[in-house]
Structures are given as structure tokens and as C-alpha cells.
Amino acid sequence: MSENKTLLSQGEIDALVAFLTNSEAAPIGTVLDQSSIDKLIDLVKYNNKRGLFIGEGGGGSDYADAVVLDSELDLEEQKKDYELICKKDGRDFIEILCVSKKGGKTYKLTPSCLLNNKRMEDDKSEWGMAISPLHFNNLALLFGIKYSSETFRFVCSNFAKVMYGYEDAEISSLYFPPEDERVK
């Protein structure tokens, strides 16, 4: 018998309902078995602890729930002026930077940003040698910032090289954001 996981907070229930309402995998009217329900509850319970974004902060290309990088910035200015860049540092570790196209500020984005749904000042956490395309896209969604197709290709080829040994390896769809949620 499976563990009883029916005690959810109102926020978790709202996120689960929103997920089911917007998901093609479980359209309204479909009956889900208990194991499927338990999996969905796990997804909601461990939201962001495993890099999953259901509900607040994720989904939708309109960036309605985007987070402001800095209190001095206006969200609309941030969406229009900033671009997400991915590069390697001197140690071959990945750095994710949010760079102003007008030559202004640069913000470093770390794994803690995804865990806390905001930019963390003076954060020492690092991505390591690769970032999955899914997590890179989740950063873009979180802050409502676009990235170039060239940058996304770099993220994918670097991830493939680190994970599979060569840049042209076919990456599992598990590591990609859904096509309709990719920031362009």
C-alpha cells in the first residue's frame, strides 16, 4: 500500500490544479490512478528542490510571474534590455550572466537563484562544468529574460560534451524544456 500523501497546503493544491488544467498529459476528464496522483503530489511537494517548476515562476512565454533582478530595475526594462549569456570561466565552469544590451550592469545567476526564485547576492554556489538546457531555460523564465539561439546551442553542446562525451551527442528529452516554454 502506498504512503498517504493527501495532506497538501492550499498553495500545493492550487499548483496541482493549475498543472492539471494546463497539462496535455492529463486533460480534464481523464481519471488518474493512485500512483499517478502520488507522482503529481511528489512533483508539487518537491517543487524547485529538484529543478521542477510547476505553478509560480514557471511556464508561459508572457513572463507574467517573472522576478525582478534588482530593486532599481523596472520589470519591463529588464525584459527588454537584458539578455541571458552562458560562458565558461577560467576553470571551465559554467557562468550564467544576465547582461544589459545597453552596456549597463551584469548580474551573475547561480543555482541558488532557481532554489530561491530570486537573485542571490554574493552567492558562492556554482553550476559546475555544465547546465542542462531545462535549467538554463528555467532561469530565463524566472527572470523573464530572453537568450539567443546561439547561446542555447552552446548550452546544449556543452551539456552533451560533459554528460555524453562529445558535443554532437543526442541529449535525452528529459533535459530539455517543453518546446512551447522555450524562451526565444
Open item on the list: Per the salt bridge (Lys or Arg N to Asp or Glu O under 4.0 Å) rule, what does the pair list look like for residues 148-165, sequence neighbours excluded?
Closed with: none
Open item on the list: Using the rule given for side chain to side chain contact (heavy atoms under 4.5 Å, CB included), can you reason through L69 versus L109, listing the C-alpha separation, both sets of side-chain angles and the distance that settles it, and then say yes or no?
Closed with: CA-CA 10 Å; L69 282 166; L109 303 180; 3.8 Å; yes
- [ ] Return the set of residues passing side chain to side chain contact (heavy atoms under 4.5 Å, CB included) with S173 (not counting sequence neighbours), or none when no residue passes.
- [x] none
- [ ] For K88, check side-chain hydrogen bond (donor to acceptor under 3.5 Å, both in side chains) against everything at least two apart and list the hits.
- [x] N158
Task: side chain to side chain contact (heavy atoms under 4.5 Å, CB included) partners of K124, counting only residues at least two apart - done: none
TODO: Can you sort out the partners of D123 under side-chain hydrogen bond (donor to acceptor under 3.5 Å, both in side chains), two or more places apart, ordered by chain and number?
DONE: T110, S112, S125
Open item on the list: Does F143 form a side chain to side chain contact (heavy atoms under 4.5 Å, CB included) with C113? I'd like the steps, not just the answer.
Closed with: CA-CA 10 Å; F143 294 106; C113 296; 4.2 Å; yes
Open item on the list: Whether the side chain of S132 engages the backbone of H135 through a donor-acceptor N/O pair (distance < 3.5 Å, no angle test) should be reported.
Closed with: yes
Open item on the list: Please determine whether residues L142 and W127 belong to a single hydrophobic cluster, defined as Ile, Leu, Val, Met, Phe, Trp and Tyr linked transitively by side-chain heavy-atom distances below 4.5 Å.
Closed with: yes
Open item on the list: For F176 and F152, take the angle between the two ring planes, folded into 0 to 90°, and tell me which bin it lands in: parallel under 30, tilted 30 to 60, perpendicular over 60.
Closed with: tilted
Open item on the list: So, using salt bridge (Lys or Arg N to Asp or Glu O under 4.0 Å) as the criterion, who are the partners of E76 when residues are at least two apart?
Closed with: K79
Task: For the student: nearest non-hydrogen atoms of I131 and L139, plus distance - done: CD1-CD1, 4.4 Å
Task: Side-chain hydrophobic cluster, 4.5 Å single linkage: members besides V99 - done: I85, L97
Open item on the list: Taking side chain to side chain contact (heavy atoms under 4.5 Å, CB included) as the definition, give me every residue that meets it alongside K105, ordered by chain and number, with sequence neighbours left out.
Closed with: D70, E72, Y82, Y107
Open item on the list: Please tell me whether V67 and L141 are part of a single hydrophobic cluster in this structure, the criterion being side-chain heavy atoms less than 4.5 Å apart.
Closed with: yes
Task: Any residue meeting salt bridge (Lys or Arg N to Asp or Glu O under 4.0 Å) with K118, in chain and number order, not counting sequence neighbours - done: none
Task: Spatial distance of atom NZ (K108) from atom CG (D122) [nearest 0.5 Å] - done: 11.0 Å
Task: same_hphob_cluster(L174, Y164) at 4.5 Å side-chain heavy-atom cutoff - done: yes
Task: Short side-chain to backbone donor-acceptor contact, E126 and F93, under 3.5 Å - done: no
Open item on the list: Membership question, hydrophobic clusters at under 4.5 Å side-chain separation (ILVMFWY): are M129 and I171 in the same one?
Closed with: no
Task: For A169 against A160, the heavy-atom pair lying closest together - done: O-CB, 3.9 Å
Task: Results of salt bridge (Lys or Arg N to Asp or Glu O under 4.0 Å) for D89 - residues two or more places apart only - done: R91
Task: Check: F136 ring centroid to F159 ring centroid under 6.0 Å - done: no
Open item on the list: A side-chain contact here means heavy atoms from C-beta on lying under 4.5 Å apart; do C86 and I94 qualify?
Closed with: yes
- [ ] Give a yes or no on this: more than 12 heavy atoms of other residues, nucleotides or ligands lie within 6.0 Å of atom NZ of K102.
- [x] no
Task: Shared hydrophobic cluster, V162 / I96 (ILVMFWY, side-chain heavy atoms < 4.5 Å) - done: no
TODO: For the pair Q78 (side chain) and G144 (backbone), establish whether a donor and an acceptor sit closer than 3.5 Å, ignoring hydrogens and angles.
DONE: no
Open item on the list: Using the ring pair (Phe, Tyr, Trp, His ring centres under 6.0 Å) criterion, which residues pair with F154? Sequence neighbours excluded.
Closed with: none
